[in-house]
Amino acid sequence: MATAQQSASNDWQAINGQHHLHPFTDIKDIKEKGALIIESAKGVYLTDSDGDEILDAMAGLWCVNMGYGNPELAQVAQQQMNQLPYYNAFFKTAHPPVAKLSSMLAQLAPKNLNHTFFTSSGSEANDTVIKLARRYWAVQGKPQKNVIISRTNAYHGSTIGAGSLGGMAPMHEHGTVIPDVEHIKQPYWFEACCELGKGITVEEVGKQATQALVERIELLGVDRVAAFIAEPIQGAGGVIIPPDNYWPEIKRICEHYGILLIADEVICGFGRTGQWFGSDYYNLEPDFMPIAKGLSSGYLPIGGVMVSDRVTEVLLEKGGEFNHGYTYSGHPVCAAVAVANIELMQRTNIVETVNDKTAPYLQKAWAKLAEHPLVGEARGLGMLGALELVQDKAAFKRFDSDQGVGMICRDHCINEKLMMRAVGDIMIISPPLVMQESDIDTLVERAHKALDLTQKTLAT
Ligand code: PXG
């Protein structure tokens with residue numbers, strides 16, 4: 001007989017199945033199988049509607065950096081709701097939370113970034129950055145210098161602008177793609193090995209990927225190219241960590257040709273790499289940094305674009321009115337929670353703890369998973385990790401994609417009470433920064449068990 005809790009769980013699944021259209025989900029599939037209903041969460045554990053506790057190795061969607069159920073963030077939201085639940089930042093008005101947040105961000109970010117345009121999401125941030133980068137050149141009499149170069153397999157969001165920056169073909173099939181966005185290859189060592197069926201040096205992969213930028217700029221003509229956009233470490237594409245020679249050379253190329261550099265920090269920002277920003281990790285001083293997710297630890301939707309002094313100066317001098325903005329740009333409750341989240345991060349020294357302790361511990365444990373017969377590569381950096389599931393390690397041979405090995409493994413993870421995501425046959429993690437060593441042990445144990453079970457399923 002079903003317990004009361006299971007009946008409640010079935011109810012929510014049924015109601016949800018009838019009326020909710022999910023993001024990035026096969027509609028028929030979810031109607032048939034029902035969604036996993038998450039009812040509450042505390043620290044690094046989710047509780048589903050059956051009462052089961054699931055270790056969240058994804059920090060929600062790469063965002064709940066300070067963990068769930070922090071009373072301080074909830075109190076700040078309540079207090080700001082009472083004091084000023086909404087006012088806008090259009091037409092020469094502002095409010096204390098947005099003023100405070102913009103000043104805190106200027107203190108935290110690489111030293112050349114001192115202004116922020118606020119949005120409610122990373123996608124809106126990337127739509128904004130397209131307009132800002134093009135405007136920077138247009139107001140200087142170069143409207144034709146409007147091409148943005150991005151990378152294949154990149155994810156920069158789902159709106160039409162941000163989706164166009166992204167380099168994932170299935171997303172482009174769903175809607176119009178804006179013109180004047182170009183894609184070049186990503187610095188993806190493991191994939192290069194799989195394509196060749198043998199090893200290749202990481203330096204060579206880095207060199208080819210940077211050379212691709214030079215070639216595309218030369219092909220288009222530098223007078224056409226406004227900017228290059230990339231994540232410091234590519235997240236949703238499968239946690240792709242660039243070789244050491246990649247970023248210094250990209251930085252040099254952008255400087256050499258005088259094109260703007262956009263570092264999408266939506267995932268890498270706010271401690272994920274063990275530094276405040278991925279740009280700090282790679283020693284970049286980008287012209288723009290789109291931010292979101294960890295800015296509020298996902299407690300409320302807020303994002304933005306941090307803008308460099310060289311861009312701000314041109315816009316101040318020649319820009320005039322910037323005809324762009326969102327009703328919720330710099331929303332006071334979201335901004336107040338972001339301020340409290342940053343203060344919490346600073347007070348608890350979380351970024352230093354990640355860098356000195358948690359990330360090294362995680363990476364050491366994670367690297368051992370490479371010994372598993374299914375794992376072709378276990379890579380990671382900071383609080384990010386990926387496992388490449390392969391058919392034959394020595395030959396760098398992947399599974400046929402229609403075998404759905406990543407999804408098989410993901411289902412086993414969930415049965416083992418571990419929330420880990422599959423990108424094709426790459427299993428990825430992006431745990432909350434507040435994970436303790438004991439949580440990491442549990443994470444890796446459960447991941448190992450899920451790999452064993454995947455191997456068993458494949459053998460039957
Ligand atoms: N840039 C990057 C680098 C991202 O990862 C966005 C922009 C867009 O942010 P918003 O807030 O509009 O979603 C993202 C979002 C996944 C997954 O399955 C990743 C994201 C969003 C949803 C799912 O890995 N990243």
Side-chain angles (χ1 to χ4, degrees), residues 22-26 36 56-65 117-130 148 150-168 170-171 174-175 181 183 186 227-242 261-270 272-273 277-279 281-282 284 286 288-306 326 328-329 331 334 338 382-386 406-407 410 413-414 419-431:
H22 287 242
F24 282 96
T25 303
D26 181 322
L36 173 68
D56 186 7
M58 278 307 296
L61 268 182
W62 323 76
C63 53
V64 189
N65 289 0
F117 185 100
F118 289 100
T119 67
S120 300
S121 69
S123 299
E124 287 177 357
N126 278 323
D127 277 19
T128 303
V129 94
I130 295 171
I148 303 192
S150 178
R151 304 184 298 186
T152 51
N153 194 39
Y155 186 78
H156 294 293
S158 274
T159 50
I160 290 181
S164 304
L165 292 178
M168 293 176 175
M171 283 188 65
H174 278 13
V181 177
H183 295 91
Q186 55 186 339
F228 173 67
I229 182 168
E231 288 179 86
I233 294 167
Q234 208 162 321
V239 181
I240 295 154
I241 304 164
L261 176 60
I262 308 169
D264 182 339
E265 295 271 1
V266 169
I267 284 178
C268 292
F270 302 97
R272 181 90 8 234
T273 63
F277 295 96
S279 293
Y281 187 89
Y282 288 112
L284 306 175
F288 299 106
M289 291 198 326
I291 53 175
K293 294 191 190 274
L295 169 58
S296 65
S297 281
Y299 276 54
L300 283 174
I302 183 163
V305 182
M306 296 203 66
Y326 306 101
Y328 302 121
S329 283
H331 188 286
C334 305
M383 295 297 276
L384 288 165
M407 282 320 282
R410 187 198 132 98
C413 287
I414 293 186
M419 191 56 84
M420 176 150 86
R421 207 164 110 37
V423 177
D425 291 345
I426 313 170
M427 304 309 298
I428 56 178
I429 56 161
S430 165

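Atoms within a ligand are numbered from 1 in the order they appear, just like the ligands themselves. Hydrogens, waters and symmetry mates play no part in the numbers below; they use all other heavy atoms, side chains included.
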>> So, taking the atom named CD1 in Ile291 and the one named CZ in Phe118, what distance separates them when rounded to the nearest 0.5 Å?
In response: 6.5 Å

> side-chain contact (heavy atoms from CB on, under 4.5 Å) between Tyr326 and Asp127: does it pass, once the steps are laid out?
Replying inline: CA-CA 11 Å; Tyr326 306 101; Asp127 277 19; 3.8 Å; yes

>> If you apply the rule side-chain contact (heavy atoms from CB on, under 4.5 Å), what do you find for Leu284 with Phe277, and how did you get there?
In response: CA-CA 10 Å; Leu284 306 175; Phe277 295 96; over 6 Å; no

> Leu384 versus Trp62: any side-chain heavy-atom pair under 4.5 Å?
Replying inline: yes

>> Under the criterion side-chain contact (heavy atoms from CB on, under 4.5 Å), I'd like the reasoning laid out for Met289 against Val305: C-alpha separation, chi angles, the key distance, then a yes or no.
In response: CA-CA 5 Å; Met289 291 198 326; Val305 182; over 6 Å; no

> For Lys293 and Leu61, what are the C-alpha separation, side-chain angles and deciding distance, and is it a side-chain contact (heavy atoms from CB on, under 4.5 Å)?
Replying inline: CA-CA 8 Å; Lys293 294 191 190 274; Leu61 268 182; 4.1 Å; yes

Please tabulate protein-ligand N/O pairs under 3.5 Å for ligand 1, atom names and distances to 0.1 Å.
| unit_1 | atom_1 | unit_2 | atom_2 | d |
| --- | --- | --- | --- | --- |
| ligand 1 | 1 (N) | Asp264 | OD1 | 3.4 |
| ligand 1 | 1 (N) | Asp264 | OD2 | 2.7 |
| ligand 1 | 9 (O) | Gly122 | N | 3.4 |
| ligand 1 | 9 (O) | Ser123 | N | 3.4 |
| ligand 1 | 11 (O) | Gly122 | N | 2.9 |
| ligand 1 | 12 (O) | Gly122 | N | 3.4 |
| ligand 1 | 12 (O) | Ser123 | N | 2.7 |
| ligand 1 | 12 (O) | Ser123 | OG | 2.5 |
| ligand 1 | 18 (O) | Arg421 | NE | 2.8 |
| ligand 1 | 18 (O) | Arg421 | NH2 | 2.7 |
| ligand 1 | 24 (O) | Trp62 | NE1 | 2.8 |
| ligand 1 | 24 (O) | Arg421 | NE | 2.9 |
| ligand 1 | 24 (O) | Arg421 | NH2 | 2.9 |
| ligand 1 | 25 (N) | Lys293 | NZ | 3.2 |

